[in-house]
Amino acid sequence: MDVFEALSTAANIMLLGMVCVFAFLGLLVIVINTIAKYCPEEAKAAPAKQNNVNDQVSPDVVAAISAAVHKYRKSRD
Amino acid sequence: MEGLLKLWNDTGLANFEVGQVVMMAVGALLLYLAIVRGYEPLLLLPIGFGCVLANIPMAGFTDEGGMLWYVYHVGIETGVFPLLIFMGVGAMTDFGALIANPKMLFLGASAQFGIFATLFGAIALNLVPGFEFSLADASAIAIIGGADGPTAIFLASKLAPELLGAIAVAAYSYMALVPIIQPPIMKALTSVKEREIVMEQLRPVSKKEKVFFPLAVLFATVLFLPAATPLVGMFCLGNLMRECGVVDRLSSTAQNELINIVTIFLGLAVGSKLSAEKFLTIETIGILLLGAVAFSIGTASGVMMAKVMGRFSKTPINPLVGAAGVSAVPMAARVANKVGLEANPHNFLLMHAMGPNVAGVLGSAVAAGILLAIVGG
């Protein structure tokens with residue numbers, strides 16, 4: 001095959017290839033968005049845990065820590 | 001005396017040819033890069049060793065009936081090894097970042113321009129005397145720009161088996177060189193201000209979406225691009241095994257034991273193709289050159305596309321993530337993250353770059369399917 005003929009074939013493949021890649025991945029964008037529309041987000045169970053942490057710390061400890069923090073802040077003034 | 005002479009004639013020293021010595025040096029160089037420099041050691045080590053084995057005089061590893069001959073014919077000529085690796089890669093890939101921000105697929109698509117531009121370049125190289133690449137050869141070389149080892153090996157084994165050794169070595173070497181090749185291009189194409197752009201946090205992705213994703217990708221491939229189904233199909237199988245949650249044992253095998261076993265044989269078989277008469281040619285130099293060009297163009301077009309998208313998008317897009325569109329998972333994403341951190345130490349782009357990064361894997365598989373359909377069919 002003549003080199004220039006081959007070059008024009010290559011240019012054709014380049015154009016066709018890029019159009020196909022974009023078209024196909026563009027289609028996937030639509031597909032993913034469609035899936036996302038019909039898949040509601042899972043309910044989150046996370047916030048309940050944070051309360052537990054507070055409960056486990058006894059009031060005495062909280063008092064002791066806040067007293068210490070208070071004292072520390074005062075000492076820095 | 002006669003016995004001694006016969007023994008001497010059976011030694012390696014008496015039978016070495018210059019080409020074999022040079023190829024052993026190439027094998028040693030690959031071993032050095034793998035062991036000392038840590039460049040893609042999982043593949044360059046078996047490839048380098050395979051290269052040494054294949055060039056031992058009188059040993060006959062690569063002759064018909066030799067071990068490496070069998071490994072090559074069973075695994076690579078049939079396309080089985082790269083496909084098994086692709087399944088493992090699928091099982092290791094989390095598509096969450098892509099599902100959360102699907103328009104990143106366009107970055108993965110534009111980075112494939114490196115492949116098609118190189119195809120043109122390889123044909124243009126025919127104008128230089130000494131080069132004679134057919135369209136099939138050029139396609140196999142161009143896929144190096146996809147920065148995806150298994151895809152490159154798969155396509156080369158189908159379109160240009162005689163160039164496979166050089167193509168595989170180029171593909172894996174450049175993947176290892178991503179942290180060196182990409183940053184200068186990324187910095188040249190973006191301003192500091194652009195590199196500082198902070199992207200919005202990604203939304204959480206539900207398990208259902210992750211399970212449907214590989215099935216939907218496979219379905220779309222079946223409908224529109226059956227030539228890509230070997231690669232995409234195995235990739236989706238691996239990913240479905242990972243996400244569905246009921247076959248953890250299979251998923252763990254695919255991403256650990258199986259991929260490791262196959263990697264050993266794949267590396268050896270690729271190394272066995274590094275024989276002097278096939279590797280020490282002017283074509284190899286052309287392939288190495290074109291591979292670097294392919295990589296650079298892919299990186300540049302990904303960044304440029306990200307800049308264009310950033311202009312029209314409602315949410316900010318940092319152009320650096322575009323460079324991750326040339327698969328090379330997860331190295332390219334890490335590079336984007338690192339360059340981003342240099343501009344703004346509080347800006348972590350890793351998760352955002354993973355989107356285009358895995359999109360690049362899909363993109364190069366799709367590009368390989370298109371090349372197979374046009375050139376191979």
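Note that the structure is predicted; figures quoted are calculated from it, not measured. Order of the sequence lines fixes the chain letters, A, B, ..., with proteins taken first and strands second; residue numbering starts at 1 for each chain.
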Q. Considering residues, nucleotides and ligands other than B/Phe113, do more than 12 of their heavy atoms fall under 6.0 Å from its CZ?
A. no
(Q) Is any side-chain heavy atom of B/Val217 closer than 4.5 Å to one of A/Val31? (A) no
Drop me the distance from [X]'s [atom1] to [Y]'s [atom2], to the nearest 0.5 angstrom.
| X | Y | atom1 | atom2 | answer |
| --- | --- | --- | --- | --- |
| B/Leu223 | A/Leu27 | CG | CG | 8.5 Å |
| A/Ser8 | B/Phe120 | OG | CZ | 9.0 Å |
| B/Ile374 | A/Leu16 | CD1 | CG | 4.5 Å |
| A/Ile32 | B/Phe212 | CD1 | CZ | 14.0 Å |
| B/Ile123 | A/Glu5 | CD1 | CD | 11.5 Å |
| B/Phe106 | A/Phe22 | CZ | CZ | 7.5 Å |

(Q) Run the side chain to side chain contact (heavy atoms under 4.5 Å, CB included) test on B/Ile99 and A/Ile35 for me, step by step, so that the C-alpha distance in whole Å, both residues' side-chain angles and the decisive distance to 0.1 Å come before the verdict. (A) CA-CA 9 Å; B/Ile99 298 172; A/Ile35 295 176; over 6 Å; no
What is the minimum heavy-atom distance between [X] and [Y], and which atoms define it?
| X | Y | answer |
| --- | --- | --- |
| B/Gly363 | A/Leu25 | CA-CD1, 4.0 Å |
| A/Thr9 | B/Leu135 | CG2-CD2, 3.8 Å |
| B/Glu209 | A/Cys39 | CG-CB, 3.6 Å |
| A/Met18 | B/Ala109 | CE-O, 3.6 Å |

Side chain, backbone, both or neither: which part of [X] has a heavy atom under 4.5 Å from chain B?
| X | result |
| --- | --- |
| A/Ile30 | neither |
| A/Val21 | both |
| A/Leu7 | both |

Q) Based on non-hydrogen pairs under 4.5 Å, which of B/Gly121, B/Ala228, B/Ser110, B/Ala122 is most in contact with chain A? A) B/Ser110
Q: Just give me the residue among B/Ala216, B/Ala138, B/Ala220 that pairs up with chain A most often, heavy atom to heavy atom, under 4.5 Å.
A: B/Ala220
Q: For chain B, find which of A/Thr34, A/Asn33, A/Leu28 contributes the most heavy-atom pairs closer than 4.5 angstrom.
A: A/Leu28
Q.
Taking side chain as everything from C-beta outward and backbone as N, CA, C, O, which of these in B/Thr221 sits under 4.5 Å from a heavy atom of chain A? Side chain, backbone, both or neither.
A. both
